Amino acid sequence: MRIFAIETSCDETAMALVDGTKGKLRLVKNIVASQMKLHEKYGGVVPEVAARMHVETIIPMLEEIAPRDGKGIDAIAVTSGPGLAPALRVGVELARTLAVLWKKPLVAVNHLEGHIYSNWLGPKAKSIAFPALVLIVSGGHTEIILMKKHPSTGSGRGGQYQRIGETRDDAVGEAFDKVAKILGLGYPGGPAVSVAAEKGDEKAFDLPRPMIASDDFDFSYSGLKTAVLYAWSGAKKKRVEDMAASFQAAAVEVLVTKMLKAIGKTKPKTVLIAGGVAANKKLRADLAKAIKKHYPKVKFVIPEMAFTTDNAAMIGAAGYFRAVKKDFVDPLKLEADPNWQLV
Ligand code: KG4
Ligand code: ZN
């Protein structure tokens with residue numbers, strides 16, 4: 001089954017062709033056009049600017065990736081939420097139009113479900129067993145989700161995921177972006193902070209680990225960002241690298257500690273990470289080490305770097321597992337849902 005996937009929820013215009021056979025995926029084509037440079041000068045993503053760029057990019061990209069008559073494509077998958085409303089609408093309108101024109105079934109994919117399924121695009125997909133505990137860490141979300149199965153026949157949306165914990169304020173990716181701004185490292189902040197951190201001393205600044213000992217699986221990152229702001233503006237002798245390393249250590253330590261606690265409670269067979277911050281090398285390494293030490297029987301699967309940040313291959317992957325269960329939506333009725341919750 002060949003899925004044509006479209007992703008325009010934020011600042012990447014992306015399309016992909018994904019083939020699936022008996023639960024095994026093969027990426028045929030994958031195109032991502034990043035608007036990063038455009039948004040850099042505003043220090044963040046401006047929704048209307050992002051939408052205009054998506055409009056300019058989608059038709060040439062469509063020409064590049066898909067045959068004009070949609071031949072060979074079995075279903076269309078599109079991110080219909082969550083995300084920036086004007087940006088999402090561009091992808092959703094294109095998908096609806098193509099579904100009608102090409103007479104193909106249409107799958108609506110939740111962007112976070114897409115991030116989760118980025119794990120099925122790598123060589124370790126075979127070893128993923130349910131239940132799987134997923135740490136979703138992106139620019140907009142920080143959640144621990146227990147995934148019990150692939151979507152089941154006719155189940156539509158529910159039953160597959162259980163939320164174990166989430167952030168009560170900022171997402172961890174957002175904290176990386178804001179700290180980058182404080183340190184003058186530009187946008188997007190995550191990659192810049194983690195590169196700077198490699199040359200820093202993580203003990204240079206004594207930062208809090210918010211909610212690390214709380215009796216739940218929730219997170220809070222806005223206080224950490226404020227602590228960075230005060231510590232940075234109050235310090236006389238300071239190096240950007242040291243603050244980057246100290247912040248990254250605090251942010252990652254909370255994620256790893258909460259995940260270990262959640263593994264103890266939910267007893268998953270596999271642990272997955274998903275979302276832009278899953279590209280963070282320290283998070284990947286520290287979580288791998290902690291799981292190996294405390295839960296050696298639990299498998300830890302991480303997405304390939306290229307599929308951590310926004311792309312359409314992951315939307316095609318999630319779309320495939322819904323398409324095989326015929327979980328289709330009416331192209332005349334599908335609307336973007338900027339606040340669509342996974343559970
Ligand atoms: O998943 P994503 O591409 O978009 C959303 O769905 O939000 O995630 C983007 C977020 C940004 O906040 C970015 O700073 C962060 O992921 N990020 C990182 C790294 N690479 C991207 N954060 C920490 N370390 C990284 N290496
Ligand atoms: Zn994303």
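Counting from 1, the numbers follow the sequence of the chain as shown. Please read all numbers here as calculations on a predicted model, not as lab measurements. Just follow the structure's listing: the first ligand is 1, and inside any ligand the first atom is 1.
- At least one N or O atom of G139, backbone or side chain, sits closer than 3.5 Å to an N or O atom of ligand 1.
- Listed by number with element, the atoms of ligand 1 under 4.0 Å from a non-hydrogen atom of G140 are 7 (O).
- When hydrogens are left out, the protein atom nearest atom 26 (N) of ligand 1 is S194 OG, 3.4 Å; that is the closest non-hydrogen contact.
- The ring of F247 has its center closer than 6.0 angstrom to the ring center of F176.
- Heavy-atom proximity to G276, at under 4.0 Å, picks out these atoms of ligand 1: 1 (O), 2 (P), 8 (O), 16 (O), 17 (N), 18 (C), 19 (C), 20 (N), 21 (C).
- The closest side-chain donor-acceptor pair between S222 and K178, if any, does not fall under 3.5 angstrom.
- The CG atom of D242 sits 12.0 Å away from the NZ atom of K203 when rounded to the nearest 0.5 Å.
- Using a 4.0 Å cut-off to heavy atoms of D310, the atoms of ligand 1 that qualify are 1 (O), 2 (P), 3 (O), 4 (O), 5 (C), 6 (O).
- Here CD1 of I144 is found 11.5 Å from CZ of R163. Values are rounded to the nearest 0.5 Å.
- Looking only at protein heavy atoms, the nearest one to atom 15 (C) of ligand 1 is V277 CG2, 3.9 Å.
- In the model, Q248 has no side-chain atom that pairs as donor or acceptor with a side-chain atom of S246 under 3.5 Å.
- Near H111, meaning under 4.0 Å from one of its heavy atoms, ligand 1 places the atoms 6 (O).
- Summary of contacts: the protein heavy atom closest to atom 24 (N) of ligand 1 is N280 ND2, 3.0 Å.
- Looking only at protein heavy atoms, the nearest one to atom 18 (C) of ligand 1 is G190 CA, 3.4 Å.
- Ligand 1 has a nitrogen or oxygen under 3.5 angstrom from a nitrogen or oxygen of G173.
- Around the Zn ion (ligand 2), the two atoms OD1 of D310 and NE2 of H111 are separated by an angle of 100°, to 10 degrees.
- For ligand 1, none of its N or O atoms has an N or O atom of T309 under 3.5 Å away.
- For H115 and F307, the gap between ring centers reaches or exceeds 6.0 Å.
- Side-chain contact of H150 with Y320: a donor-acceptor pair under 3.5 Å is absent, judged by distance alone.
- Using modelled atom types and a 3.5 Å distance limit, the side chains of H54 and T8 yield no donor-acceptor pair.
- Between the side chains of E166 and H141, no donor-acceptor pair of N or O atoms lies under 3.5 Å.
- In this structure, H115 has a heavy atom closer than 4.0 Å to ligand 1.
- Using a 4.0 Å cut-off to heavy atoms of D177, the atoms of ligand 1 that qualify are 11 (C), 12 (O), 13 (C), 14 (O).
- For the residue pair S80 / D337, no side-chain donor-acceptor distance below 3.5 Å is found, with atom types taken as modelled.
- Among the atoms of C10, none of the N, O or S atoms falls under 2.8 Å from the Zn ion (ligand 2).
- For ligand 1, the polar-atom distance check finds no N/O of P188 at less than 3.5 Å from any of the ligand's N/O atoms.
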